[in-house]
Amino acid sequence: MSYNRDHGRPGTSPGEAGRPRRRLKTKPLMYLLLILFAGNLLWFIAWLIPDNPGGNEEVASVSGKEITRQEWMAAMEEQHGRETLLELVNLQVMETAAKEYGIKVSDKEVDLELAMMRSARDGSEKTLYSADEERMREKVKSQLILEKVLTKDVVIEEAAIETFYQDNQALYDIPDSYRTRMIVLQSTEEAQGVIEELENGSSFEALARERSIDTATGSLGGDIGYVVPGQSTIDAAVTNAVASVETDKWSEPLTMADGRVAVITVTDKAQGQTFTYKDVESHISRELALEQLPQSVTPEAFWQEFDTEWFYGE
C-alpha cells in the first residue's frame with residue numbers, strides 16, 4: 001500500500017531504473033507499524049486506568065522505593081503519548097474526509113490490500129504480525145481513504161491500466177501462504193529436545209525467545225511472517241516443509257543450508273487468490289495516479305480543513 005509519490009516505501013521505488021516495473025504496492029511498513037503499536041498501547045493504557053483512578057497504586061519497588069502507577073503511566077505518555085494520539089487523530093480525520101468527499105471503501109478492496117501485503121516478500125507483510133484481523137482491516141481502510149482523496153481528481157487512461165495489468169499479471173495471482181514461526185538450533189539433538197518440550201505443552205513462542213540462536217527471529221517469538229513454498233528469501237528447508245505442517249503443529253528437525261537446524265510451526269494459512277482485471281482495475285488506477293503526485297501527503301494535511309485540534313497544540 002502506498003501513501004504518496006515516494007511513500008516512504010521500503011526496498012523499491014516506482015520506475016526504478018534498470019528494472020521492469022514490477023509492483024506499485026510496496027506498502028508503508030513503518031507507518032502501519034506505528035499505527036499498530038499505537039493501537040496496542042492505547043488499549044493497554046485504557047486497561048490500566050479503571051483499576052485505580054487515583055494512580056497511587058504501587059506497581060514496582062526497588063530497595064523499598066516504590067514506583068506508582070501514576071509515575072508509570074506518566075512515563076509512557078511522555079515516551080509514546082504524542083505518537084499514539086497522532087494516529088488516533090489521523091484515523092478520525094480520514095473518517096471525516098470519507099464523509100466529506102463521498103469516499104467508499106469496500107470489503108473486497110481491503111481483501112486485495114491484505115492479500116498484496118501477504119505476498120509482498122519485501123518485509124511489509126510483517127505489519128500483519130501484531131494486529132487482529134478487524135484492527136488491521138480498519139488501518140487498511142483508513143489508508144485507502146487517504147489514497148482515494150488524494151487521487152480523486154487524477155485521470156488515468158484505461159490503456160495505461162490495461163498495459164500495467166498485462167505486464168504484471170502474476171502479481172495478482174497470489175498463492176497460498178503460511179504464517180510461520182521457527183526455532184533455530186545448533187544440532188538435531190537440540191531440536192529433538194525442543195520438540196519433546198513442545199509435546200509436553202511448552203509454548204512455541206516462549207521456546208523461540210529462550211532457545212533460538214537466531215536472535216532476530218527469536219526476539220519475535222520465532223515469527224518469520226507469511227511464507228510461500230519455494231520462496232527464495234527463506235531457507236529452502238523451511239519453504240519446502242511449510243505446506244505439510246498442520247496448523248498449530250510443528251515439523252521434524254529441518255537441516256538448513258548453513259548447517260543449523262530449525263523446527264517450525266504454522267499458526268495460520270492464508271488461502272491463495274487470483275484477482276481478475278476487473279478486481280484490480282481501480283487499484284492499479286489509483287497507484288498510477290499516486291505516482292503523479294508532486295509531493296508527499298499525509299493525513300495532517302487535512303487537519304485545518306476539518307478544524308482539528310489536539311492536546312499537543314500546533
Side-chain angles (χ1 to χ4, degrees), residues 27 29 32-33 36-37 40 43 110-137 139-140 173-274:
K27 310 297 181 295
L29 175 59
L32 280 177
L33 284 173
L36 297 176
F37 172 78
N40 289 329
W43 176 89
V110 175
D111 290 341
L112 172 60
E113 298 301 322
L114 291 173
M116 295 290 287
M117 291 176 73
R118 282 190 290 265
S119 67
R121 311 294 159 241
D122 59 3
S124 59
E125 76 279 6
K126 294 178 182 178
T127 60
L128 298 170
Y129 288 5
S130 57
D132 59 49
E133 183 177 357
E134 182 178 356
R135 180 170 295 175
M136 190 65 203
R137 293 181 74 87
K139 310 314 178 191
V140 170
D173 186 8
I174 298 172
D176 292 345
S177 59
Y178 304 82
R179 184 175 174 182
T180 305
R181 293 181 186 270
M182 72 175 182
I183 302 172
V184 181
L185 302 143
Q186 291 285 10
S187 67
T188 299
E189 290 74 18
E190 290 181 2
Q192 291 288 5
V194 163
I195 290 173
E196 289 180 12
E197 292 187 60
L198 291 169
E199 290 173 346
N200 289 328
S202 294
S203 161
F204 195 101
E205 182 176 354
L207 285 175
R209 295 181 187 277
E210 295 170 6
R211 304 283 297 277
S212 182
I213 62 174
D214 186 289
T215 55
T217 60
S219 64
L220 298 173
D223 206 335
I224 59 174
Y226 284 88
V227 175
V228 171
Q231 182 177 332
S232 62
T233 56
I234 303 293
D235 190 276
V238 174
T239 62
N240 290 339
V242 69
S244 62
V245 178
E246 294 182 33
T247 303
D248 295 325
K249 299 296 183 179
W250 45 85
S251 70
E252 293 298 315
L254 305 172
T255 302
M256 300 192 294
D258 61 5
R260 299 183 301 171
V261 179
V263 177
I264 67 170
T265 186
V266 171
T267 60
D268 180 51
K269 176 182 177 180
Q271 193 72 34
Q273 295 173 274
T274 298

Under a 4.5 Å cut-off applied to non-hydrogen side-chain atoms, are M136 and V110 in contact?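 Answer no - side chains too far apart.
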Check whether any side-chain heavy atom of L254 sits under 4.5 Å from a side-chain heavy atom of M182, and report yes or no. no
Results of side-chain contact (heavy atoms from CB on, under 4.5 Å) for [X] - residues two or more places apart only:
| X | value |
| --- | --- |
| D111 | R137 |
| K269 | D176, Y178, Q271 |
| S202 | E197, L207 |
| V261 | T188, A191, P253, T255 |

Interatomic distance, OG1@T215 vs CG@L220, rounded to 0.5 Å, equals 10.0 Å
To the closest 0.5 Å, what do you measure between CD1 (I183) and CD (E210)?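 If I round to the nearest 0.5 Å, the distance is 9.5 Å.
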Please report, to 0.1 Å, the donor-acceptor pairs under 3.5 Å made by any side chain of residues 236-244, with sequence neighbours excluded.
from : atom 1 : to   : atom 2 : distance (Å)
T239 : OG1    : A236 : O      : 3.3
N240 : ND2    : A236 : O      : 3.1
S244 : OG     : A241 : O      : 2.7

Where the side chain of T217 meets the backbone of I224, is there a donor-acceptor pair that is under 3.5 Å apart?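 Between the backbone of I224 and the side chain of T217 there is no qualifying donor-acceptor contact (under 3.5 Å).
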Strictly distance-based, threshold 3.5 Å: is any side-chain N or O of T247 a donor or acceptor partner for the main-chain N or O of D268? no
Under the side-chain hydrogen bond (donor to acceptor under 3.5 Å, both in side chains) rule, collect the residues that match up with E205, sequence neighbours excluded.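 In terms of side-chain hydrogen bond (donor to acceptor under 3.5 Å, both in side chains), with neighbours along the sequence ignored, E205 is linked to R209.
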With S232 via side-chain hydrogen bond (donor to acceptor under 3.5 Å, both in side chains) - residues at least two apart: none
Under the rule for salt bridge (charged side-chain N to carboxylate O under 4.0 Å, His left out), what residues qualify as partners of D214, not counting sequence neighbours?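 In terms of salt bridge (charged side-chain N to carboxylate O under 4.0 Å, His left out), with neighbours along the sequence ignored, D214 is linked to R260.
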Sort and list the pairs that fulfil salt bridge (charged side-chain N to carboxylate O under 4.0 Å, His left out) and have at least one residue in residues 241-252, not counting sequence neighbours.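 Sorted pair list comes back empty.
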In sequence, state the C-alpha distance, the side-chain angles, and the governing distance for W250 and R181, and then conclude on side-chain contact (heavy atoms from CB on, under 4.5 Å). CA-CA 9 Å; W250 45 85; R181 293 181 186 270; over 6 Å; no
Closest heavy-atom pair and its distance - L198, S203: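 Residues L198 and S203, closest heavy atoms: CD2-C, 4.2 Å.
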